[in-house]
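The structure appears right after this line, and notes come after that.
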Amino acid sequence: MNFYGRLYRRVLLPVFDRLWKQRKTLRYWRLAENSQWQGRESLEHQQLRDLKEMLQYAKTNCEYYRQRWADLDLDPDSVQCLQDFHGWPLLTRDTIRTHRIEMQSSAKIKRITKSTGGSTGQPLVFDLDHESNERRTAIMFRGYSWAGSGPGTRRLLIWGADLKRSSFWKSIKVDLHHRFEQQLLMNCFDFSHGNMLKQFALMERYRPETIIAYTSPLYEFSKFMQAHSLRPQGIRSIVVGAEKIYAFQRKLIEEVFQAPVFETYGSREFMLIGAECELHCGLHLSTENLLVEVLDEQGNPTPDGEEGNVVITDLFNRGMPFVRYVNGDRAIAGFTQCECGRGLPLLRSVVGRQLDIISTSSGKVIPGELFPHLLKDFESVRRFQVHQHQLDELEIKLVGDEKLDEAYCKQIHDRLVECVGGELRVRLAPVTDIPLTAAGKHQVVINHVARATLL
């Protein structure tokens, strides 16, 4: 960490956050740095206490929960252990869209309104209170610090920039904010093959210590650097998020940057849900703030090592409580212990979105991760996107180089047909570009059939 980084961490951030903004973020960060080393039993005991307080608060202050739980004859006092919580109702995005006002707290607290489009493209508006926002920011500080990318480090952000045109003064404010926090933002919408050399030169002039990036644009950037024998200098670590990272992507990124990759798992609704430590054995869950469950289609906890739906309860958001929220992600269950010594449980891995899974008329399920693993072997494919508009057909859009001719496409087609079986017709559609989502992410698989039934 350079001189400014140490000054920022020790003086500027405390003055700005604690004295000027009157926040408790740094206090919660210190508490989180200590609590991560507590034993599992101690953490779960505290988690249960916080859960019971949140349930009681929601019952007292939120009309939706009070009526919903009364109809089901549920009472927070009946939750004497975490297992007692398994039978409580699940919360969906559609429910929040319909009942957001009734879910808001009637207590006199200041709320922050945020929104997320997620992978569905349908915006979700939600609320949180200031204290819960400070707690989640503190957890993010801790998780990024495991990767050597905490506050004060010189960071390059390869992220989705706001697409809305900002006023002159807002642009100045955002620029000053990035300078103050010693970070450079590269808009991933600009990461085309035509200007990656310019982005590389900008990165080398800035000389970041660490990179925080969306997975797909960083992977494309890495492939470009490898193809042009470019070697970035001085990068100590890389934090990836917003999209799942596959083993072949991690391997290439680490080879090009000569730095370890740390995966994170988060969302707009909760910020950092889990993060890798230095042992890279899975994602340490943000247990102090969140109760994370992995459930099967019947709502039961999945056995160790099996895939299920991610369900999250925010233990501190009193602005609009999230109680057993089905966030649409799929993960591998198995909250094992890490040898690093932290008591925070590990989630084995995040598989992807519910809507990133291909389904067939016979009920067969094809995970979306099949396609990156398969198409990575076809070097002329620069980007692709899988669409399922009906149960018996897949459309795969391909962006490629000059070698992506009819014969090359036939090789891809035959390999895909071999892998997905006889129930699905495969139709390839070469295109010149595949736009990123509004958030700057690349959506690999879009199951339009599931969207029509689940959303």
Side-chain angles (χ1 to χ4, degrees), residues 92-94 116-124 214-216 219-220 242-246 248-249 267 296-297 306-310 326-332 349-378 380-400 404 406 408-455:
T92 66
R93 294 172 69 95
D94 190 53
T116 176
S119 298
T120 66
Q122 297 188 28
L124 178 72
Y214 285 0
T215 300
S216 293
Y219 176 64
E220 293 299 321
E243 307 167 74
K244 175 180 171 56
I245 185 169
Y246 299 103
F248 68 88
Q249 293 173 318
S267 71
D296 62 21
E297 299 305 320
E306 292 192 12
E307 181 182 324
N309 299 317
V310 177
V326 184
N327 74 347
D329 290 337
R330 302 277 294 179
I332 304 295
S349 67
V350 177
V351 177
R353 299 283 303 176
Q354 265 184 294
L355 301 182
D356 291 343
I357 298 170
I358 297 300
S359 49
T360 69
S361 57
S362 69
K364 181 181 177 182
V365 170
I366 300 172
E369 61 190 275
L370 163 73
F371 300 96
H373 281 294
L374 189 153
L375 291 171
K376 76 179 190 311
D377 296 327
F378 293 90
S380 290
V381 176
R382 289 180 174 173
R383 183 174 290 180
F384 71 92
Q385 190 173 66
V386 180
H387 293 261
Q388 184 177 27
H389 293 283
Q390 52 197 52
L391 282 175
D392 61 350
E393 184 179 81
L394 294 181
E395 177 194 37
I396 302 179
K397 295 182 178 180
L398 300 173
V399 176
L404 191 68
E406 185 176 344
Y408 198 92
C409 283
K410 187 178 187 308
Q411 295 179 42
I412 297 173
H413 176 274
D414 293 346
R415 184 77 178 99
L416 284 165
V417 169
E418 179 186 341
C419 290
V420 301
E423 292 187 71
L424 293 165
R425 297 191 305 274
V426 175
R427 181 164 56 88
L428 301 186
V431 295
T432 57
D433 188 32
I434 297 174
L436 301 177
T437 68
K441 304 174 187 177
H442 175 54
Q443 202 166 338
V444 176
V445 177
I446 304 175
N447 187 333
H448 300 274
V449 178
R451 287 169 186 275
T453 57
L454 294 178
L455 301 178

* To do: For Ser267, check side chain to side chain contact (heavy atoms under 4.5 Å, CB included) against everything at least two apart and list the hits.
  => Glu269, Phe270, Ile273
* **Note, Lys244 side chain near Val350 side chain (heavy atom, < 4.5 Å)** => no
* **Partner residues of Asp433 under the side chain to side chain contact (heavy atoms under 4.5 Å, CB included) criterion, sequence neighbours left out** => none
* **From CZ (Arg383) to CD (Glu220), nearest 0.5 Å** => 5.5 Å
* To do: Would you indicate whether the side-chain heavy atoms of Asn309 and Glu297 approach each other to under 4.5 Å?
  => yes
* **Shortest non-hydrogen contact from Leu404 toward Val399** => CD2-C, 4.4 Å
* Val386 side chain reached by Gln388 side chain, heavy atoms, under 4.5 Å -> no
* Asked: With sequence neighbours excluded, what pairs up with Asp296 under the salt bridge (Lys or Arg N to Asp or Glu O under 4.0 Å) test?
  -> none
* Can you find a pair of side-chain heavy atoms, one from Phe378 and one from Tyr408, that are under 4.5 Å apart? -> yes
* Asked: Among all residues two or more places apart in sequence or in another chain, which pass the ring-ring contact (aromatic ring centres under 6.0 Å, His included) test with His413?
  -> none
* With a 4.5 Å limit on heavy-atom distance, are the side chains of Leu428 and Leu416 in contact? -> yes
* Point-to-point distance, once rounded to the nearest 0.5 Å, from NE2 of His448 to NE2 of His389 -> 4.0 Å
* To do: Quick one: closest heavy-atom pair of Val431 and Ile434, and the distance?
  => CG2-CG1, 3.9 Å
* With sequence neighbours left out, what residues match Arg427 under salt bridge (Lys or Arg N to Asp or Glu O under 4.0 Å)? -> Glu393, Glu395
* Asked: Using 30° and 60° as the class limits, which term best fits the ring planes of Tyr219 and Phe248: parallel, tilted or perpendicular?
  -> perpendicular
* To do: For Glu406, check salt bridge (Lys or Arg N to Asp or Glu O under 4.0 Å) against everything at least two apart and list the hits.
  => none
* Asked: So do the side chains of Leu394 and Phe371 get within less than 4.5 Å of each other, counting heavy atoms only?
  -> yes
